[in-house]
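Predicted model only: the values in this text are computed from it and were never measured. All heavy atoms count here, side chains included; hydrogens, waters and symmetry mates do not.
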Amino acid sequence: GSNVLRMSSGIQIKPKTAVQKSKTSPLPCSPEPAIKPQPKPSDKLNPKTIDPFCAHSRPPSAFAAIYAKGGIPCRLVHGSVKHRLQWECLPETVPFDPLLLTLAEGLRETKHPYTFVSKEGFKELLMVEGAAEKAIPLLPRLVPVLKAALAHSDDEVFGRGLDALVQLSAVVGPSLNDHLKHLLTNLSRRLMDKKFREKITVTLQKLEQYGGKVS
C-alpha cells in the first residue's frame, strides 16, 4: 500500500528520487487502481441516481402507449390559471368502447399529463348526451378497472377513483347497484383513514342518492 502511495505521489510531484524508485512497475498502471474504484462507493451511497435511467428503459404503461400513438382524441392545454382538455373531435362522436375504458385505465397513472387527461377525459366523456346508454353496457368491464384504481396504494389514484365512481353513478344510476358489492370492500378499507373518511362518506351518500333505495 505504501508503494502505491509513493507511486501516485511520485506522478503528481515527480521528484527524481521517486521516479527512480518507481521504475520497478510501469507508471501508466499506477493511477488506474485509484480511479476505477471511485464510482463504486458513490453508487452504493446514492443508488437512486441510477433509477431515472432505469425508468426510461421500462416499457410505457398501456395508457401512455395509446396516448403517445394518438389513440386518445384529446390533449392537455396549459392555461395561465387552469388546465383544460382540447378534443380533436366532438366527444359526442367518440365511441365509448374502448375510450371510456381506456380513460378509466388511465386513472391509475401517476405521471403528468396522463393523470389530468384520464381524469378530465373520463369526466367530460360521461357528460355527453346519451352517455348513460353508452356507458351501461360497459359496466361489467368498467367496474373492475375502477376497482383497481380504488385498490391502488397511491392516495391521488384512490381519490381519482372515488371521483370517477361518483361521476359514473350519476350517469348510470341504479344500473350500477349490482356492481357495488365489488367496490365497497375497497372503500371500507380506506374508511379508517382520516384523510379519506369524509370523502368516502360523501361518495357513499351519492351512490345511495343515484342508486335509489335498492343501493
Participant: Are Cys74 and Ile72 side-chain neighbours, meaning at least one heavy-atom pair lies under 4.5 Å?
Facilitator: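 The answer is yes; the side chains approach within 4.5 Å.
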Participant: Applying ring pair (Phe, Tyr, Trp, His ring centres under 6.0 Å), name anything that partners Phe158, two or more places apart in sequence or on another chain.
Facilitator: Phe196
Participant: Atom OG1 in Thr203, atom CG in Leu162: separation rounded to 0.5 Å?
Facilitator: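 Output value for this atom pair is 4.5 Å.
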Participant: Apply side-chain contact (heavy atoms from CB on, under 4.5 Å) to Leu125 and Lys134, showing your working.
Facilitator: CA-CA 10 Å; Leu125 200 59; Lys134 297 176 182 179; over 6 Å; no
Participant: Which residues, ordered by chain and number, are linked to Val157 in its hydrophobic cluster, where ILVMFWY side chains connect at heavy-atom gaps below 4.5 Å, directly or through other members?
Facilitator: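 None; Val157 is a cluster of one.
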Participant: Does one hydrophobic cluster hold both Val166 and Val145, with members joined at side-chain heavy-atom distances below 4.5 Å?
Facilitator: no
Participant: Under 3.5 Å, which donor-acceptor pairs do the side chains of residues 98-105 form with other protein atoms, sequence neighbours left out?
Facilitator:
{"from": "Thr102", "atom 1": "OG1", "to": "Pro98", "atom 2": "O", "distance (Å)": "3.0"}
{"from": "Glu105", "atom 1": "OE1", "to": "Arg108", "atom 2": "NH1", "distance (Å)": "3.4"}
{"from": "Glu105", "atom 1": "OE1", "to": "Arg108", "atom 2": "NH2", "distance (Å)": "3.1"}

Participant: Do the side chains of Leu168 and Leu139 get nearer than 4.5 Å, heavy atoms only?
Facilitator: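 Yes, close enough: below the 4.5 Å cut-off.
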Participant: Any side-chain heavy atom of Leu142 within less than 4.5 Å of one from Phe96?
Facilitator: no
Participant: Could you check whether any side-chain N or O of Arg160 sits under 3.5 Å from a backbone N or O of Leu107, counting only pairs where one atom can act as donor and the other as acceptor?
Facilitator: yes
Participant: Is there a path from Leu191 to Leu165 through hydrophobic residues (I, L, V, M, F, W, Y) whose side chains come within less than 4.5 Å of each other?
Facilitator: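 Yes.
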Participant: Does a donor on one side chain and an acceptor on the other come within less than 3.5 Å for Glu109 and Ser61?
Facilitator: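 Yes - a donor-acceptor pair under 3.5 Å links their side chains.
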Participant: Where do Ala132 and Pro137 come nearest, in terms of heavy atoms and distance?
Facilitator: O-CD, 4.5 Å
Participant: Going by the angle between their ring planes, with limits at 30° and 60°, are His112 and His83 parallel, tilted or perpendicular?
Facilitator: tilted
Participant: Between atom NZ of Lys195 and atom CD1 of Ile200, what is the distance when rounded to the nearest 0.5 Å?
Facilitator: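 CD1 of Ile200 is found 11.0 Å from NZ of Lys195.
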Participant: Are Arg75 and Tyr67 in a cation-pi contact, defined as NZ or CZ under 6.0 Å from the six-membered ring centre and within 45° of the axis?
Facilitator: yes
Participant: Quick one: do Lys123 and Asp163 make a salt bridge, cutoff under 4.0 Å?
Facilitator: no
Participant: Check whether more than 12 heavy atoms from other residues, nucleotides or ligands sit under 6.0 Å from atom NZ of Lys199, and answer yes or no.
Facilitator: yes
Participant: Counting neighbours of CD on Glu156 that are heavy atoms of other residues, nucleotides or ligands and sit closer than 6.0 Å, is the number greater than 12?
Facilitator: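 No - once you tally the heavy atoms of other residues, nucleotides and ligands closer than 6.0 Å, there are 12 at most.
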Participant: To the nearest 0.5 angstrom, please state how far the CG atom of Asn177 sits from the OG atom of Ser215.
Facilitator: 5.0 Å
Participant: Under a 4.5 Å cut-off applied to non-hydrogen side-chain atoms, are Leu150 and Arg190 in contact?
Facilitator: no
Participant: List the atom pairs, donor and acceptor, that lie under 3.5 Å between side-chain atoms in residues 178-188 and the rest of the protein, sequence neighbours left out.
Facilitator:
{"from": "Lys181", "atom 1": "NZ", "to": "Asp178", "atom 2": "O", "distance (Å)": "3.1"}
{"from": "Ser188", "atom 1": "OG", "to": "Leu184", "atom 2": "O", "distance (Å)": "3.3"}
{"from": "Ser188", "atom 1": "OG", "to": "Thr185", "atom 2": "O", "distance (Å)": "2.8"}

Participant: Partners of Tyr210 by ring pair (Phe, Tyr, Trp, His ring centres under 6.0 Å), sequence neighbours excluded?
Facilitator: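 Tyr210 satisfies ring pair (Phe, Tyr, Trp, His ring centres under 6.0 Å) with no residue once adjacent residues are dropped.
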Participant: For residues 86-93, which side-chain N or O atoms pair as donor and acceptor with protein atoms under 3.5 Å away, sequence neighbours left out?
Facilitator:
{"from": "Trp87", "atom 1": "NE1", "to": "Glu124", "atom 2": "OE1", "distance (Å)": "2.7"}
{"from": "Thr93", "atom 1": "OG1", "to": "Leu90", "atom 2": "O", "distance (Å)": "2.6"}

Participant: From Glu133 CD over to Glu129 CD, what is the distance, rounded to the nearest 0.5 angstrom?
Facilitator: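 That separation rounds to 9.0 Å.
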